[in-house]
Amino acid sequence: MKPLRKDAILWIENTLFLKYGNMGWWPAESPDEVAIGAILTQNTSWKNVEKSIAVLRQNRHLNCCAISSISRDELAMEIRSSGFYNQKSLRLHSLCSKVCADYGSLDAMRNGISLDEARNYFSAMNGIGRETLHSILLYALDLPVFVMDKYTERVLTRMGFMIDMKNVSSVEESFLSALDHDVDRLKNIHAMLDAVAKDYCQSRPKCRECVLNQNCDYWGKEVIVP
DNA sequence: GGCCAGGCACAGC
DNA sequence: GCTGTGCATGGC
């Protein structure tokens with residue numbers, strides 16, 4: 001197992017870039033939509049989230065102030081397909097109400113807020129854990145954090161790197177310093193790592209077998225050049 | 001029908 | 001501190 005040294009991280013970045021290039025990533029049209037998607041995707045596949053997003057979009061509820069203006073019951077019905085809808089409607093409604101009241105939108109919030117301010121603001125909220133927080137900070141507010149999710153963990157582990165999930169912050173710190181706290185590179189490396197996970201774990205049995213038996217080759221011809 | 005999905009909070013040790 | 005559990009729908 002390789003430690004996550006700077007050269008290893010740069011190697012991952014360069015190698016994946018050859019296949020995927022600039023992905024930009026996070027399928028959303030506004031910062032508000034990023035945050036909404038981040039809550040909805042908690043322990044849920046993106047396909048189910050997409051259906052909820054479509055309903056919200058259709059009803060013109062895909063922004064914080066619109067969500068804060070409807071009832072929690074109505075919101076719960078609209079996001080049903082994402083599962084955990086009672087829990088998520090509560091989390092989403094309180095987040096959106098606060099953002100709408102304090103800033104109007106996440107787009108407006110983006111101007112001039114510091115990383116520490118934003119981190120404190122969101123982590124005080126119910127239902128915003130580490131991953132959701134970091135997704136919002138990076139993809140909605142353009143602040144430099146590394147997003148560690150189940151896909152990222154799985155791919156890095158399968159690539160043979162030492163990932164200690166009990167010490168996530170040290171992993172995150174390794175990526176942050178290796179990538180010079182560059183927001184665009186942080187966005188893209190997470191996107192590329194997730195793309196690898198999706199490309200190689202599209203069918204669950206295959207992925208499960210791959211993880212359990214450690215016999216799946218992320219570095220086959222399709223992924224890597226050298 | 002069984003298992004799992006891009007978490008999180010909270011109770012009980 | 002760590003582990004187990006509830007939350008719930010939809011796809012395979």
Side-chain angles (χ1 to χ4, degrees), chain A residues 12 16 20 23-28 31 33-56 72-96 98 119-141 145-159 161 163-172 175 186-213 216 218:
Chain A
I12 293 172
L16 293 180
Y20 294 106
M23 304 186 77
W25 209 60
W26 200 286
E33 193 180 326
V34 171
I36 293 163
I39 300 266
L40 292 180
T41 198
Q42 291 173 354
N43 203 37
T44 303
S45 67
W46 187 254
K47 274 189 176 176
N48 288 346
V49 175
E50 278 178 332
K51 293 177 188 168
S52 304
I53 298 270
V55 175
L56 290 169
R72 265 195 51 211
D73 286 345
E74 188 180 352
L75 180 59
M77 287 314 293
E78 293 186 350
I79 64 170
R80 254 180 79 86
S81 68
S82 297
F84 306 111
Y85 52 80
N86 287 320
Q87 204 181 58
K88 286 178 181 175
S89 64
L90 180 60
R91 292 173 179 178
L92 203 47
H93 202 268
S94 55
L95 179 144
C96 286
K98 187 157 170 55
R119 189 187 288 279
N120 293 336
Y121 183 78
F122 287 107
S123 54
M125 296 181 193
N126 188 275
I128 308 288
R130 192 180 196 93
E131 191 201 318
T132 309
L133 172 69
H134 283 195
S135 298
I136 294 173
L137 294 179
L138 180 63
Y139 290 104
L141 299 178
V145 289
F146 181 71
V147 180
M148 196 64 186
D149 62 13
K150 212 176 264 182
Y151 280 177
T152 318
E153 176 201 350
R154 187 186 294 161
V155 172
L156 290 174
T157 305
R158 281 297 306 123
M159 284 175 176
F161 292 98
I163 301 299
D164 178 11
M165 287 309 284
K166 287 177 184 165
N167 200 355
V168 188
S169 56
S170 76
V171 178
E172 292 171 351
F175 275 88
L186 287 161
K187 282 183 179 177
N188 206 42
I189 198 161
H190 178 75
M192 295 191 297
L193 287 167
D194 274 21
V196 176
K198 280 177 183 159
D199 285 353
Y200 283 81
C201 294
Q202 279 182 339
S203 74
R204 240 173 269 132
K206 181 181 167 190
C207 183
R208 185 178 165 73
E209 186 189 334
C210 148
V211 173
L212 293 179
N213 303 331
C216 141
Y218 281 120

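Per chain, numbering begins at 1; letters A, B, ... match sequence-line order.
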Tell me whether the rings of Phe175(A) and Phe146(A) are parallel (<30°), tilted (30 to 60°) or perpendicular (>60°). parallel
If you assign Thr41(A) and Gly127(A) each to the DNA chain B nucleotide with the nearest heavy atom, which residue ends up on the more 5' nucleotide? Thr41(A)
Spacing between Trp46(A) atom CH2 and dG10(C) atom P, to the nearest angstrom: 17 Å
Go through Lys88(A) and Ser52(A) one step at a time and tell me if the side-chain hydrogen bond (donor to acceptor under 3.5 Å, both in side chains) criterion holds. CA-CA 12 Å; Lys88(A) 286 178 181 175; Ser52(A) 304; over 6 Å; no
To the nearest angstrom, the CZ-C1' distance between Phe122(A) and dG7(B) comes to 17 Å
Without decimals, in angstroms, what is the distance between Lys166(A) NZ and dG1(C) P? 14 Å
Identified side chain to side chain contact (heavy atoms under 4.5 Å, CB included) counterpart of Leu186(A) within the set Leu138(A), Leu137(A), Val145(A): Leu138(A)
Whole-Å distance separating the CD1 atom of Ile39(A) from the P atom of dC7(C): 19 Å
Please measure how far the P atom in dG10(C) lies from the corresponding atom in dC8(B), and state the result in whole Å. 22 Å
Against the side chain of Ser45(A), the closest entry in dG7(B), dC12(C), dG6(B) is dG6(B)
Pairwise P distance, dT5(C) and dG6(B) [rounded to whole Å]: 23 Å
Nearest whole Å is fine: how far is dG10(C) P from Lys51(A) NZ? 6 Å
Quick one: does any side-chain atom of Thr41(A) pair with a main-chain N or O of Gly37(A) as donor and acceptor, under 3.5 Å? no
If you find the nucleotide of DNA chain B closest to Arg130(A) and the one closest to Asn48(A), which residue's nucleotide is nearer the 5' end? Asn48(A)
Can you tell me the distance, in whole Å, between the CG atom of Asn126(A) and the P atom of dC7(C)? 15 Å
Would you mind reading off the distance between Glu131(A) atom CD and dA9(B) atom P, rounded to a whole angstrom? 12 Å
Starting at the 5' end of DNA chain C, which residue's closest nucleotide do you reach first, Arg91(A) or Tyr85(A)? Arg91(A)
With a 4.0 Å cut-off on heavy atoms, is His190(A) in touch with a base, just the backbone sugar-phosphate, or nothing at all? base
Separation of Glu50(A) atom CD from dG11(C) atom C1', in whole Å? 13 Å
Contact class for Lys88(A) vs. all strands (heavy atom < 4.0 Å): base, sugar-phosphate, or nothing? nothing
Touch check for Phe84(A), heavy atoms < 4.0 angstrom, all strands: base, sugar-phosphate only, or nothing? base
What nucleotide, of dG6(C), dA5(B), dG6(B), holds the atom closest to the side chain of Asn43(A)? dA5(B)
Would you check if Ile79(A) and Leu40(A) make a side-chain contact, meaning some heavy-atom pair closer than 4.5 Å? yes
